[in-house]
Asks: 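I have a structure here, written as structure tokens, and I will follow up with some questions on it.
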Amino acid sequence: MKTNWLWDSRLEENDVRKILKDANDPRFDIYAEKLFSRVSDPRMAFSIIDKIIFCKKWPNIKKRIKKDRRLEDRVIFWQTIYEQVHEGLKGCGIKLREPREVKIPSERMKLARQIRSMRMKSGYTQEDIAKKLGTVQQYISKIENGHENLSVDALTRIADVLGKGLIIKLK
């Protein structure tokens, strides 16, 4: 006997299928969680939800399913399917990640350039500064590229490592 995966839903399956075709629908995550926590047949699941949408939304769906510890096997199963589908789409040249356009404030870029310039004049590498700060080189790179919004405490520590003082002006 086949059990309907929407046994506790007030919506008909056709209505849910429409929701699962639109990843922007506010109910999408709820019904995607139901689908992937209750269905073990990838063919059936992918007849309802597009593989590209599945790959883009899987991290959110997985978080929701993981809330129920009894469904850990289901998460492992669908994670394996996700990895296979993701590789297949990637092999076909389909990009799943949208490039993020980050607007970095000019003040932060100016500060980032100053920090980089001072580091280089001092003869330090990013790795050297990272060790002195007790962090990793990637963090220093993010600072110098303007991708890290620094606190006053972090700026003070960087200034100390570089043998400089910190002056903050408010205009």
Asks: Please tell me if the side chains of Arg108 and Pro105 come closer than 4.5 Å, counting only heavy atoms from C-beta onward.
Replies: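 Of all side-chain heavy-atom pairs linking Pro105 with Arg108, at least one is under 4.5 Å.
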
Asks: Which pairs count as salt bridge (Lys or Arg N to Asp or Glu O under 4.0 Å) when at least one residue sits in residues 81-90, sequence neighbours excluded?
Replies: Glu87-Lys90

Asks: Please report the shortest heavy-atom distance between Ile19 and Phe28, naming the atom on each side.
Replies: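 That would be O-CD1, 3.6 Å.
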
Asks: Once salt bridge (Lys or Arg N to Asp or Glu O under 4.0 Å) is applied, do any residues pair with Arg10, and if so which ones, sequence neighbours excluded?
Replies: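 Here no residue qualifies.
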
Asks: Might you point out which heavy atoms bring Val85 and Cys55 nearest each other, and give the distance in Å?
Replies: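 The pair with the smallest heavy-atom distance is CG1-SG, 3.5 Å.
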
Asks: Nearest 0.5 Å please: distance from the CD atom of Glu72 over to the CZ atom of Arg70.
Replies: 13.0 Å

Asks: Considering residues, nucleotides and ligands other than Lys18, do more than 12 of their heavy atoms fall under 6.0 Å from its NZ?
Replies: no

Asks: Does atom CD (Gln138) have a neighbourhood of more than 12 heavy atoms from anything else shown, all under 6.0 Å?
Replies: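 Yes - once you tally the heavy atoms of other residues, nucleotides and ligands closer than 6.0 Å, there are more than 12.
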
Asks: Can you pull the salt bridge (Lys or Arg N to Asp or Glu O under 4.0 Å) pairs that have at least one residue in residues 37-52, sequence neighbours excluded?
Replies: Asp8-Arg38

Asks: How close do Ala112 and Gly146 get, heavy atom to heavy atom, and via which atoms?
Replies: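 So the two residues come closest at CB-N, 3.8 Å.
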
Asks: Listed by chain and number, what are the salt bridge (Lys or Arg N to Asp or Glu O under 4.0 Å) partners of Asp25, not counting sequence neighbours?
Replies: Arg27

Asks: Could you tell me whether the side chain of Ile52 reaches within less than 4.5 Å of the side chain of Ile94, counting heavy atoms only?
Replies: yes

Asks: Do Phe36 and Ile49 touch side chain to side chain, with heavy atoms closer than 4.5 Å?
Replies: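 A side-chain contact under 4.5 Å exists here.
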
Asks: What is the minimum heavy-atom distance between Ile104 and His147, and which atoms define it?
Replies: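 That closest heavy-atom pairing would be CD1-CE1, 3.6 Å.
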
Asks: Could I get the full list of salt bridge (Lys or Arg N to Asp or Glu O under 4.0 Å) partners for Arg17, not counting sequence neighbours?
Replies: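 Salt bridge (Lys or Arg N to Asp or Glu O under 4.0 Å) list for Arg17, sorted by chain: Glu13.
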
Asks: Show your reasoning for whether side chain to side chain donor-acceptor pair (under 3.5 Å) applies to Thr125 and Asp128.
Replies: CA-CA 5 Å; Thr125 65; Asp128 296 333; 3.1 Å; yes

Asks: If a pair satisfies salt bridge (Lys or Arg N to Asp or Glu O under 4.0 Å) and one of its residues is in residues 137-146, list it, with sequence neighbours excluded.
Replies: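 Residue pairs passing salt bridge (Lys or Arg N to Asp or Glu O under 4.0 Å), neighbours aside: Arg116-Glu144, Arg119-Glu144, Lys142-Glu148.
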
Asks: Which other residues belong to the hydrophobic cluster containing Val152, where Ile, Leu, Val, Met, Phe, Trp and Tyr are joined when side-chain heavy atoms lie under 4.5 Å apart, directly or via other members?
Replies: Leu111, Ile115, Met118, Tyr124, Ile129, Leu133, Val136, Tyr139, Ile140, Ile143, Leu150, Leu155, Ile158, Val161, Leu162, Leu166, Ile168

Asks: Less than 4.0 angstrom from a charged side-chain N to a carboxylate O is my criterion; do Asp29 and Arg64 meet it?
Replies: no

Asks: With the side chain counted from C-beta on, respond yes when Trp78 and Pro42 share a heavy-atom pair under 4.5 Å apart, and no when they do not.
Replies: yes

Asks: Can you sort out the partners of Asp160 under salt bridge (Lys or Arg N to Asp or Glu O under 4.0 Å), two or more places apart, ordered by chain and number?
Replies: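 With neighbours one apart ignored, the set is empty.
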
Asks: With side chains defined as the heavy atoms from C-beta onward, is the minimum distance between Ile81 and Phe77 less than 4.5 Å?
Replies: yes

Asks: Decide yes or no for Tyr31 and Ser9: does some side-chain heavy atom of the first lie under 4.5 Å from some side-chain heavy atom of the second?
Replies: yes

Asks: Going by ring-ring contact (aromatic ring centres under 6.0 Å, His included), name the residues that satisfy it together with Phe46, two or more places apart in sequence or in a different chain.
Replies: Phe54

Asks: Which residues end up grouped with Ile76 if you chain together Ile, Leu, Val, Met, Phe, Trp and Tyr wherever their side-chain heavy atoms are less than 4.5 Å apart?
Replies: none

Asks: Rounded to the nearest 0.5 Å, what's the gap from CD on Gln84 to CG on Leu89? Could you check?
Replies: 12.0 Å

Asks: Kindly write out the residues that satisfy side chain to side chain donor-acceptor pair (under 3.5 Å) with Thr80, not counting sequence neighbours, or none if the list is empty.
Replies: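 Applying side chain to side chain donor-acceptor pair (under 3.5 Å) to Thr80 gives none.
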
Asks: At what distance, to the nearest 0.5 angstrom, does CD of Gln79 lie from CD1 of Ile65?
Replies: 10.5 Å

Asks: Would you say the side-chain atoms of Ser117 pair up with the backbone N or O of Arg113, donor to acceptor, closer than 3.5 Å?
Replies: no

Asks: Return yes if some donor-acceptor pair links the side-chain N/O of Asn145 with the main-chain N/O of Ser141 below 3.5 Å, else return no.
Replies: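 Yes, because the side chain of Asn145 sits within donor-acceptor range (under 3.5 Å) of the backbone of Ser141.
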
Asks: Return the set of residues passing side chain to side chain contact (heavy atoms under 4.5 Å, CB included) with Lys131 (not counting sequence neighbours), or none when no residue passes.
Replies: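 Glu127.
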
Asks: Report yes if some heavy atom in the side chain of Trp5 is under 4.5 Å from a heavy atom in the side chain of Ile48; otherwise report no.
Replies: yes

